[in-house]
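Down below is the structure, laid out as structure tokens.
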Amino acid sequence: MTNLQSDHLQKRIFSGIQPTGNLHLGNYLGAIKNWVNLQNDIYSIFSIVDLHAITVPQEPSKLKSSTHEVAAAIIASGIDTDKSILFNQSSVKEHAELAWIFNCVCRIGWLNRMTQFKEKAGKNRENATVGLYGYPVLMAADILLYKSTHVPVGDDQKQHIELARDIASSFNNMFTSDEEDDFFDLPEPQIIGEATRVMSLRDGTKKMSKSDASDASRINLTDTAEEISNKIKKAKTDPHPLPDNIEELKERPEAHNLMSIYSSLSDQTLEKALIEFSGKGFSYFKPRLIDLAIETLSPISREMRSLLKYRNEIDKILKNGEQKAKEIAEPVLKDVKNLVGFVN
Ligand code: AQP
């Protein structure tokens, strides 16, 4: 029995982030901030998922520097790499190998339901890469390679985790004889906080995203205080004062978005934040949001800049994470291959 099988019931977190450009407030509030809080209670594995990044074309030299920047952002936000594992996905080849096995478990019909593929491929579906289509299968491999039980992510990833559960369950049915021998636990999404889907500052119905052509649509973790202030000042709003109840707020996408960001940054519920601002206009609310955003993000971007002066040190941290990740991944993949019937 491997160590991992003996601690079958222990909780374990896996989550990843793509090195596809500047990280933004959505990545921070939807994912990284929660990772920082969870790492003290649950053994955590975090990955810079470069194999996912190349599902859309990337410029090679830019991919390298984005990988360093994302690692720096994660560490600067408070991930302790002595406590948690932080590594680069492509350095652990077992991710790709398990993804292939899962390709032979996952059904085309399941992938056809994935809304993120439909959004990202858009009208140009025939020209999208096979990798973009199979992205959720690789994500299932990322999670299950570490027998992870919990996956803290933003709301947009919920459907992919449901697919990972379907793949795990199907694998168990195909390769183990009864429920007690189930090889994989079904991973649970952890969608935490008041800002699980941060929206664009220019359009409250669109997700804040690294790939949005308008830089004004997002607050980057590298933005200066002045940039943060200008972006929030220019953020789209409506002419009404803030309401006193959530139902009304939800009907006003931009107001809902900015209030959700405020409540997440100030670690309070949306209800509580509304008490502070109900009846007030955006000219009262926005300066307070600006102060809070600068107060939270400036120390992170300062620390990021300082870490990025020593890229060799970041490489060492990633290499160390790679070793630790392999220690878990190798025996799991060996067991999977054995169950599938490979001679190895
Ligand atoms: N707007 C968001 N609100 C809340 N959470 C978000 N996340 C992303 N955008 C938001 C969460 O951040 C984690 C890492 O995301 P990712 O980098 O792997 O990819 P993504 O979801 O595709 O992010 P982007 O910014 O939209 O990237 P591009 O533009 O490159 O496609 C995940 O946990 C995600 O839920």
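Ligands are counted one by one from 1 in listed order, and the atoms in each one are counted from 1 as well. Quick caveat: nothing in here was measured; it's all calculated off a predicted structure. One-based numbering along the sequence shown.
Summarising the geometry, atom CD1 belonging to I290 is positioned 9.5 Å from atom CD1 belonging to I228; distances are rounded to the nearest 0.5 Å.
Side-chain contact between V36 and I79 is present, with heavy atoms from C-beta onward closer than 4.5 Å.
Within 6.0 Å of atom CD in E59, more than 12 heavy atoms from other residues, nucleotides or ligands are found, so the atom counts as buried in its surroundings.
Taking the six-membered ring wherever Trp is involved, the centroid distance between the rings of F184 and F171 falls below 6.0 Å.
Pairing each heavy atom of A329 with each of Y146, the nearest pair is CB-CE2, 4.0 Å.
Protein residues with a heavy atom closer than 4.0 Å to ligand 1 are G16, I17, Q18, T20, H24, G26, N27, G30, A31, K120, V153, G154, D156, Q157, T196, R197, V198, K207, M208, S209, K210, S211, listed by chain and number.
Side chains of D50 and S90: a donor-acceptor N/O pair is present below 3.5 angstrom, by distance only.
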